[in-house]
Q: 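Before I ask anything, here is the structure I am working with.
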Number of protein chains: 2
Amino acid sequence: MKESARGRAAGAKRQRLMRAAADVVYRQGAERTTIADIARVADVPVGNVYYYFKTKDELVTAALSEHARQLDLLTSGLDRLPDPRERLKGLINAWVSQRDLAARYGCPTGTLAVELDKRDEGGLDVEAGRVIRLLLAWVERQFHELDQPEPDGLALTLVSAYQGMSLLANALRDPGVMDREGARLLAWLDSLKAT
Amino acid sequence: MKESARGRAAGAKRQRLMRAAADVVYRQGAERTTIADIARVADVPVGNVYYYFKTKDELVTAALSEHARQLDLLTSGLDRLPDPRERLKGLINAWVSQRDLAARYGCPTGTLAVELDKRDEGGLDVEAGRVIRLLLAWVERQFHELDQPEPDGLALTLVSAYQGMSLLANALRDPGVMDREGARLLAWLDSLKAT
DNA sequence: GTCTATAGGGTGATAGAC
DNA sequence: GTCTATCACCCTATAGAC
């Protein structure tokens with residue numbers, strides 16, 4: 001039980017570090033975040049971090065998969081709704097409900113992707129793109145079930161709108177942007193004719 | 001002539017530093033960019049930079065106003081077109097024509113705003129927001145001239161769409177996103193009924 | 001497994017010669 | 001006004017005690 005814990009539950013400390021990394025990196029950005037910052041929030045001694053993650057980049061990767069996990073949690077819940085259109089509306093409502101966080105820090109995945117895309121080493125940028133692709137794929141599936149033509153194009157438009165409104169809400173420090181654009185997206189969904 | 005040069009032309013070296021800052025910060029991000037990086041591109045000795053800019057933050061501010069200048073150049077050109085709708089289409093076409101840069105580095109102002117918004121000191125985040133507000137104001141003016149109801153909401157939607165498509169093109173490393181979403185925006189503009 | 005101490009490298013900024 | 005040399009600091013990562 002002692003040694004199998006690592007593989008299964010990934011260890012309590014390791015998990016605390018992952019969550020702290022996701023949280024602190026989201027608020028401060030990857031570059032400004034130090035190992036010490038994450039260690040403090042996770043309540044783990046600084047030097048001990050390297051027992052669980054060999055490099056800082058591994059911690060950023062961990063933060064990214066933590067966000068992927070959150071996304072999976074959200075979409076799994078929405079999948080219980082019978083109507084694809086209602087699932088998409090649920091997604092939009094979830095975004096709008098995060099308006100205050102978005103106005104202060106933007107979209108967790110989007111802002112991290114922006115930052116990591118400015119590197120040319122390490123390939124962490126690809127990881128960030130992967131999480132966004134997960135979201136795109138789920139959205140596309142809903143449009144497909146709605147028998148919409150070009151579900152991939154519609155998914156691109158919807159996710160793009162989300163990233164845009166998050167960025168503007170953040171840059172203008174105005175949560176109201178999320179409300180206004182969210183409402184517009186809901187109306188847009190309703191305007192798509194059923195088949 | 002020797003001493004007045006500083007005030008008028010702002011000095012050749014100072015200008016080279018501003019442009020280098022805008023360029024390097026756009027590609028590497030503000031945090032990863034060192035004074036030495038900028039100095040090298042501007043062809044100015046490292047220690048000499050501090051004669052023109054007392055801190056690194058002042059250089060980032062300079063980069064921001066350089067972007068504001070570029071924006072002003074673009075909109076001033078478009079203002080020569082007689083029809084507001086054509087001006088907006090010109091703006092969108094300008095965005096699409098930058099698709100390869102967008103796919104690699106995103107929108108210059110947007111990505112910088114995302115990064116600076118993760119700070120809580122210095123107030124540089126407000127500066128970044130200001131440049132975006134300039135763009136919003138110009139777009140809103142066009143919708144107003146088109147006698148559209150709620151020109152501010154339409155401006156928010158258009159700029160938001162631009163930021164979103166730039167971010168996705170960047171995260172997916174796919175310039176095609178700019179083409180697809182750009183075409184959609186052009187069609188959307190045409191669908192707005194005249195008055 | 002856990003933690004402390006510290007090495008090693010790089011960055012922003014300054015002092016002062018020219 | 002221009003530039004070189006250098007300081008002081010902070011951060012990642014490691015070595016090794018417990």
Side-chain angles (χ1 to χ4, degrees), chain A residues 1-18 20-21 24-25 27-64 115-116 118-124, chain B residues 1-18 20-22 24-25 27-64 112 115-116 118-124:
Chain A
M1 174 156 184
K2 185 178 51 178
E3 64 161 21
S4 66
R6 177 74 188 281
R8 229 175 338 102
K13 281 194 182 177
R14 189 185 164 86
Q15 199 166 45
R16 286 213 309 276
L17 282 169
M18 276 188 69
V24 181
V25 166
R27 292 191 328 241
Q28 303 191 351
E31 216 65 42
R32 286 180 82 84
T33 297
T34 69
I35 305 278
D37 289 335
I38 297 173
R40 194 178 331 113
V41 172
D43 199 38
V44 168
V46 201
N48 195 10
V49 172
Y50 287 90
Y51 175 73
Y52 298 98
F53 299 92
K54 275 184 267 300
T55 66
K56 185 183 174 182
D57 277 6
E58 278 191 26
L59 263 169
V60 177
T61 306
L64 230 22
E115 194 179 359
L116 297 178
K118 305 258 172 197
R119 305 187 180 184
D120 27 31
E121 352 139 350
L124 268 184
Chain B
M1 174 157 183
K2 185 178 56 178
E3 65 162 19
S4 67
R6 177 73 188 281
R8 232 179 332 106
K13 282 194 182 177
R14 190 186 163 85
Q15 201 167 45
R16 286 214 308 276
L17 282 168
M18 276 188 67
V24 181
V25 167
R27 294 192 325 243
Q28 303 191 351
E31 216 65 42
R32 287 181 82 84
T33 297
T34 70
I35 305 278
D37 289 335
I38 297 173
R40 194 178 330 110
V41 172
D43 199 37
V44 168
V46 201
N48 196 9
V49 172
Y50 286 91
Y51 175 73
Y52 299 98
F53 300 92
K54 274 183 269 298
T55 66
K56 185 185 175 182
D57 276 6
E58 278 190 25
L59 263 170
V60 176
T61 306
L64 229 22
L112 196 44
E115 193 178 359
L116 297 178
K118 305 258 171 196
R119 306 187 179 184
D120 27 30
E121 351 140 349
L124 268 184

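Chain A is the first sequence line, chain B the second, and so forth, proteins listed ahead of strands; every chain is numbered from 1. Remember, it's a predicted structure, so these values are computed and weren't measured experimentally.
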Q: Is B/Tyr52 close to B/Asn48 at the side-chain level, that is, under 4.5 Å between some pair of heavy atoms?
A: yes
Q: Between atom CD in A/Glu31 and atom P in C/dG12, what is the gap in whole Å?
A: 12 Å
Q: Mind checking whether B/Val25 and B/Glu115 have side chains closer than 4.5 Å, heavy atoms only?
A: no
Q: Nearest whole Å is fine: how far is C/dG12 P from B/Lys54 NZ?
A: 18 Å
Q: How long is the straight-line distance from CD of A/Glu31 back to CZ of A/Arg119, given to the nearest 0.5 Å?
A: 5.0 Å
Q: How many whole angstroms separate atom CG of B/Asp57 from atom P of C/dA13?
A: 7 Å
Q: From CD of A/Glu58 over to C1' of D/dT14, roughly how many Å is that when rounded to an integer?
A: 15 Å
Q: Taking it one step at a time, do B/Ile35 and B/Phe53 satisfy side-chain contact (heavy atoms from CB on, under 4.5 Å)?
A: CA-CA 10 Å; B/Ile35 305 278; B/Phe53 300 92; over 6 Å; no
Q: Do the side-chain N or O atoms of A/Tyr51 get closer than 4.0 angstrom to the phosphate oxygens (OP1, OP2) of C/dG1?
A: yes
Q: Could you tell me the separation between the CZ atom of A/Arg32 and the C1' atom of D/dT12, rounded to a whole number of Å?
A: 17 Å
Q: Of all the choices, D/dT4, D/dT14, C/dG12, which nucleotide is nearest to the side chain of B/Pro45 once you look at every atom?
A: D/dT4
Q: Let me know the distance between CG of B/Asn48 and C1' of D/dA5, rounded to the nearest Å.
A: 14 Å
Q: Between A/Tyr52 and C/dG1, is there a side-chain N or O to OP1/OP2 distance below 4.0 Å?
A: no
Q: Is the shortest side-chain heavy-atom distance between B/Val49 and B/Ile38 below 4.5 Å?
A: no
Q: What's the closest nucleotide to the side chain of B/Ile35 if the choices are C/dT2, C/dG12, D/dT14?
A: C/dG12
Q: Rounded to the nearest angstrom, tell me the gap between atom CD1 in B/Ile38 and atom C1' in C/dG12.
A: 12 Å
Q: Of the listed nucleotides (C/dG12, C/dT2, D/dT12), which one gets closest to any side-chain atom of A/Thr34?
A: D/dT12
Q: In this structure, how many angstroms lie between the P atom of D/dT2 and the CZ atom of B/Arg14, rounded?
A: 12 Å
Q: When you get a sec, tell me which of D/dC3, C/dT14, D/dA13 is the closest nucleotide to the side chain of A/Tyr50?
A: D/dA13
